[in-house]
Amino acid sequence: MIKNTVCRKIKECGIVAVIRAQNEASALKIAEACHQGGIDAIEITFTVSGAAQVIRRLSELNSNSSMIIGAGSVIDVPTAHEAIDAGATFVVGPGFDPDVQHYCKEQKIPYIPGCFTVTEMMQAMKSGVEIIKLFPGSLAGPDYVKAVRGPLPTIQLMPTGGVSLDNLQAWFDSGVIAVGVGGEITAPAKTNDYDAVKKRAEVFVSRIKKIRQG
């Protein structure tokens with residue numbers, strides 16, 4: 001899957017499900033529940049034990065579906081290599097690493113680095129990054145996005161952390177192109193309630209559609 005296609009799908013969906021889990025089995029179930037709930041972009045963080053195996057299995061199970069599978073918490077090139085080799089079609093980092101960006105660019109895989117300051121964002125954009133993860137979003141907020149988009153009107157931001165149903169409207173009104181959401185959707189998995197995960201995913205997807213329709 002080419003880079004532009006992946007980025008377009010993330011923007012179209014408007015949400016990336018960020019999955020952290022205690023084990024591989026749980027991560028797989030959460031991912032499938034999120035996808036059944038309408039979220040096509042799934043991020044498996046490398047804080048999950050056996051993350052590469054989860055990505056590989058999801059890639060095999062969903063080769064003919066609309067799901068795109070990314071790797072999160074990627075902090076170096078070896079991890080990016082492992083993730084892409086397993087089938088990841090986008091790579092997400094907590095911060096911006098020029099070496100990871102260079103490697104992903106060679107592999108034609110989108111790199112979505114975490115940035116907080118305008119300087120970091122400018123460096124990422126200069127290197128060819130298309131989508132930037134605003135992280136931690138909980139310390140920024142929609143007003144911060146509005147301020148950043150003043151001098152950088154073309155920036156494409158995806159806040160992660162601090163995104164909820166209560167502030168979803170404010171985030172999109174500020175000009176973000178998508179949001180990254182973890183616990184607000186996946187929390188019920190802690191008690192093995194994957195149906196509740198699916199229902200929460202459905203609510204987020206529905207709310208984003210309504211927001212975009214005005």
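Quick note: residue numbers are just sequence positions, from 1. These numbers come from the heavy atoms of this one structure, side chains and all, not from hydrogens, waters or symmetry mates.
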Participant: Are Lys9 and Ser66 close enough that some pair of their side-chain heavy atoms sits under 4.5 Å apart?
Facilitator: yes
Participant: As a quick check of understanding, evaluate side chain to side chain contact (heavy atoms under 4.5 Å, CB included) for Tyr103 and Ile109, giving each step before the final call.
Facilitator: CA-CA 9 Å; Tyr103 177 74; Ile109 294 289; over 6 Å; no
Participant: Near Lys29 NZ, under 6.0 Å, is it more than 12 heavy atoms from other residues, nucleotides or ligands?
Facilitator: no
Participant: Between the main-chain N or O of Thr79 and the side-chain N or O of Asp76, is there a donor-acceptor pair closer than 3.5 Å?
Facilitator: yes
Participant: Please check this pair: side chain of Tyr194 against backbone of Glu32, looking for a donor-acceptor N/O pair closer than 3.5 Å.
Facilitator: no
Participant: Are Val18 and Met67 linked, directly or through intermediate hydrophobic residues, by side-chain heavy-atom contacts shorter than 4.5 Å (ILVMFWY only)?
Facilitator: no
Participant: Could you tell me whether the side chains of Thr119 and Thr117 share a donor-acceptor contact shorter than 3.5 Å?
Facilitator: no
Participant: Is there a side-chain contact between Gln123 and Val129 in this structure, where contact means two heavy atoms from C-beta onward sitting under 4.5 Å apart?
Facilitator: no
Participant: Within the supplied structure, the quantity of interest is the number of heavy atoms (other residues, nucleotides, ligands) at a distance under 6.0 Å from Met122 CE; does it exceed 12?
Facilitator: no
Participant: Going from CD1 on Ile131 to CD1 on Ile10, what distance comes out if it is rounded to the nearest 0.5 angstrom?
Facilitator: 4.5 Å
Participant: Would you say Ile75 and Ile19 are hydrophobically clustered, going by side-chain heavy atoms of ILVMFWY under 4.5 Å?
Facilitator: no
Participant: Please tell me whether Ser127 and His102 have a donor and an acceptor in their side chains that are separated by less than 3.5 angstrom.
Facilitator: no
Participant: Using the rule that two of Ile, Leu, Val, Met, Phe, Trp, Tyr join whenever any of their side-chain heavy atoms come within less than 4.5 Å, decide whether Ile30 and Leu61 are in one cluster.
Facilitator: no
Participant: Within a strict 4.5 Å, meaning less than it, do heavy atoms of the Leu28 and Leu58 side chains meet?
Facilitator: yes
Participant: With a 4.5 Å cut-off on side-chain heavy atoms, are Val197 and Cys34 touching?
Facilitator: yes
Participant: Any donor and acceptor pair, going by atom type alone, linking the side chain of Asp193 with main-chain N or O of Ala196 inside 3.5 Å?
Facilitator: yes
Participant: Does Ser49 reach the main-chain N or O of Asn23 with its side chain, forming a donor-acceptor pair under 3.5 Å?
Facilitator: no
Participant: Should the pair Glu202-Lys199 be classified as a salt bridge under the 4.0 Å nitrogen-to-oxygen rule?
Facilitator: no
Participant: Are the side chain of Asn167 and the backbone N or O of Gly162 linked by a donor-acceptor pair below 3.5 Å?
Facilitator: yes
Participant: State the CD-CG distance between Glu120 and Leu134, to the nearest 0.5 angstrom.
Facilitator: 10.0 Å
Participant: Less than 4.5 Å apart, any side-chain heavy atom of Ile155 and any of Val148?
Facilitator: yes
Participant: State the CD1-CZ distance between Ile112 and Phe90, to the nearest 0.5 angstrom.
Facilitator: 6.0 Å
Participant: I need the Arg200 CZ to Ile39 CD1 distance, nearest 0.5 Å.
Facilitator: 12.0 Å
Participant: Please round to the nearest 0.5 Å and tell me the distance separating atom CD1 of Ile44 and atom CD of Gln53.
Facilitator: 12.0 Å
Participant: Please lay out, stage by stage, how Gln156 and Lys11 fare under the test side chain to side chain contact (heavy atoms under 4.5 Å, CB included).
Facilitator: CA-CA 9 Å; Gln156 301 188 80; Lys11 296 173 199 175; 2.9 Å; yes
Participant: Answer yes or no: is there a side-chain heavy-atom contact under 4.5 Å between Ile55 and Glu82?
Facilitator: no
Participant: Kindly check if the number of other-residue, nucleotide or ligand heavy atoms within 6.0 Å of CD (Gln22) is above 12?
Facilitator: no
Participant: Measure the shortest side-chain to side-chain distance between Glu43 and Thr160 over non-hydrogen atoms and say whether it is less than 4.5 angstrom.
Facilitator: no
Participant: With side chain to side chain contact (heavy atoms under 4.5 Å, CB included) as the test, would you mind laying out the steps for Thr154 and Met125 before giving the verdict?
Facilitator: CA-CA 10 Å; Thr154 62; Met125 292 173 70; 4.0 Å; yes
Participant: Under a 4.5 Å cut-off applied to non-hydrogen side-chain atoms, are Ser73 and Arg20 in contact?
Facilitator: yes
Participant: Distance check, rounded to the nearest 0.5 Å: Ile42 atom CD1 versus Ile68 atom CD1?
Facilitator: 9.0 Å
Participant: Centroid-to-centroid, Tyr144 to Phe116, below 6.0 Å?
Facilitator: yes
Participant: In the single-linkage hydrophobic clustering (I, L, V, M, F, W, Y; side-chain heavy atoms under 4.5 Å), do Phe135 and Phe46 co-cluster?
Facilitator: no
Participant: Mind checking whether Ile185 and Val48 sit in one hydrophobic cluster, side chains of I, L, V, M, F, W, Y counted as touching below 4.5 Å?
Facilitator: no
Participant: Please check: side-chain N/O of Thr191 versus main-chain N/O of Pro188, any donor-acceptor pairing under 3.5 Å?
Facilitator: yes
